Amino acid sequence: MATQDGSQVTMQTDPKPKEEEADTPLGATTEKGDSESASDAGNAAGNAATQDCSGISNGDDNSEGEMVDLKIIWNKIKYDLRIPLDSTGAKLKERIHSLTGLPPAMQKVMYKGLVPEDKTLREIKVTGGAKIMVVGSTINDVLAVSTPKEVMQQEVKAEENKKEPLCRQKQHRKVLDKGKPEDVMPAIKGTKERLPTVPLSGMYNKSGGKVRLTFKLEQDQLWIGTKERTEKVPMGSIKNVVSEPIEEHEDYHMMAFQLGPTEASQYWVYWVPTQFVDAIKDTVLGKWQYF
């Protein structure tokens, strides 16, 4: 601008502030920066969460080290199991329990022998694809088996109690119904005597014929004599001797010598005086010596 004396005066004016700066409240820049920082932190957290989720196990914990795949065989059923190689035998039993329902206490786990609970699979040299055999029964299985067994034992015992005495069986009645032989040796009930020096005679055999028993101790033989012949039987070949009192004539017994491997080979003798029964059994079975 020119003055009256012609000199020039320069006028300075303040520059017009930018519109956006005038309209922007104080501190807005700082808040924006905070917002961007918060956004960046949120993105970082999201990425971290994504990375964590990608490492979540689906049941096979790879974080425990080297894994091994096994075939578990129990009750003819095969199960696939992936487990850390450094797991102990006790841990293996727990995993088998989760697969089969078989309690660890009832398991016998075998791999080249019984797997010890305090050793790791690595220590016992378990390799991938190995077959692990498991033996054991659940509590329900045990109860299901033992209950019928107990019932069966009770039934067998009851059947034995109801078993018909030998002297009532038809095969023996036909001999006993003939009555006591007239020439049988006298019986003394309630006493035990050594074998007499003479043969035991006057008894019947299964066919109803007369029979006598001679104990040849020096030859270790029992001579079974009938009217037709005498059979010389080594005492060592006699498998068993059984006897039973005759009903209504308890001072006499019926007795069988088992001459072969089965009861079908029993030789029956009836009306044996009771005082000699124990001596006969002990002599034949080798318990007593009479020399």
Side-chain angles (χ1 to χ4, degrees), residues 152-291:
M152 185 179 297
Q153 289 175 342
Q154 293 175 356
E155 291 178 351
V156 169
K157 187 174 182 179
E159 187 65 25
E160 289 177 350
N161 292 336
K162 294 188 297 183
K163 187 176 180 180
E164 188 177 35
L166 292 172
C167 60
R168 294 184 189 176
Q169 295 178 14
K170 184 177 180 179
Q171 60 177 325
H172 302 298
R173 285 292 351 149
K174 64 181 182 181
V175 179
L176 295 175
D177 285 346
K178 294 178 64 173
K180 184 174 66 174
E182 294 182 359
D183 57 346
V184 70
M185 298 180 68
I188 307 174
K189 187 176 180 180
T191 64
K192 295 181 181 181
E193 295 184 5
R194 290 191 172 194
L195 293 175
T197 56
V198 297
L200 297 177
S201 60
M203 301 168 292
Y204 289 140
N205 60 19
K206 195 171 182 178
S207 62
K210 287 294 185 68
V211 63
R212 65 182 178 275
L213 301 178
T214 305
F215 295 88
K216 293 290 184 177
L217 302 180
E218 67 280 2
Q219 302 175 33
D220 197 30
Q221 293 179 346
L222 169 62
W223 290 10
I224 302 176
T226 63
K227 183 178 180 181
E228 292 78 18
R229 63 175 183 167
T230 297
E231 186 173 355
K232 300 178 180 180
V233 182
M235 292 187 189
S237 68
I238 300 175
K239 308 300 180 183
N240 196 17
V241 181
V242 297
S243 68
E244 182 182 287
I246 300 173
E247 285 188 343
E248 299 181 2
H249 297 277
E250 282 75 10
D251 47 346
Y252 288 93
H253 281 228
M254 49 188 293
M255 177 174 286
F257 300 94
Q258 186 173 324
L259 305 181
T262 66
E263 292 184 358
S265 62
Q266 289 178 331
Y267 187 97
W268 285 95
V269 179
Y270 304 87
W271 304 101
V272 179
T274 187
Q275 69 268 27
F276 299 129
V277 168
D278 287 343
I280 292 173
K281 289 181 179 180
D282 291 339
T283 299
V284 171
L285 298 178
K287 294 182 180 180
W288 287 5
Q289 295 294 332
Y290 293 91
F291 300 105

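From a predicted model like this one, the values you see are computed outputs, not experimental measurements.
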task: Would you check if His172 and Val175 make a side-chain contact, meaning some heavy-atom pair closer than 4.5 Å?
output: no

- line: To the nearest 0.5 Å, atom CD1 of Ile238 lies from atom CG of Leu222 at 5.0 Å

message: Determine whether Val284 and Phe215 satisfy the following criterion, side-chain contact (heavy atoms from CB on, under 4.5 Å), listing intermediate values before the conclusion.
response: CA-CA 9 Å; Val284 171; Phe215 295 88; 4.0 Å; yes

query: Is a side-chain donor or acceptor of Gln275 paired with a backbone partner of Pro186 at a separation under 3.5 angstrom?
result: yes

query: Should Thr230 and Arg212 be marked as a side-chain contact (heavy atoms from CB on, under 4.5 Å) after you check the CA-CA gap, both sets of side-chain angles, and the distance that decides it?
result: CA-CA 9 Å; Thr230 297; Arg212 65 182 178 275; 3.8 Å; yes

field: Leu285 side, atom CG; Ile280 side, atom CD1 - distance, nearest 0.5 Å
entry: 11.0 Å

task: Scan residues 245-274 for pairs that pass salt bridge (Lys or Arg N to Asp or Glu O under 4.0 Å), counting only residues two or more places apart or in two chains.
output: Arg168-Glu247

task: Step by step, work out the side-chain contact (heavy atoms from CB on, under 4.5 Å) result for Ile224 and Tyr267.
output: CA-CA 10 Å; Ile224 302 176; Tyr267 187 97; 3.5 Å; yes

query: Do you know which of Cys167, Pro245, Pro273 makes side-chain contact (heavy atoms from CB on, under 4.5 Å) with His253?
result: Pro245

Charged tip of Lys180 within 45° of Tyr252 ring normal and under 6.0 Å: no

query: What distance do Met203 atom CE and Trp268 atom CH2 have between them, rounded to the nearest 0.5 Å?
result: 14.0 Å

task: Can you measure from OH (Tyr270) to CG (Leu176) and round to the nearest 0.5 angstrom?
output: 6.5 Å

field: Pairs touching residues 221-245 that satisfy salt bridge (Lys or Arg N to Asp or Glu O under 4.0 Å), sequence neighbours left out
entry: none

- prompt: What distance separates Lys170 NZ from Asp177 CG, expressed to the nearest 0.5 Å?
  reply: 12.0 Å

- request: For Lys192 and Asp278, indicate whether the former's side chain and the latter's backbone hold a donor-acceptor pair under 3.5 Å.
  value: no

Donor on one side chain, acceptor on other, Lys206 and Gln171, under 3.5 Å: yes

- prompt: Taking it one step at a time, do Lys210 and Asp183 satisfy side-chain contact (heavy atoms from CB on, under 4.5 Å)?
  reply: CA-CA 10 Å; Lys210 287 294 185 68; Asp183 57 346; 2.8 Å; yes

Cation-pi geometry met for Lys216 and Trp223 (6.0 Å, 45°): yes

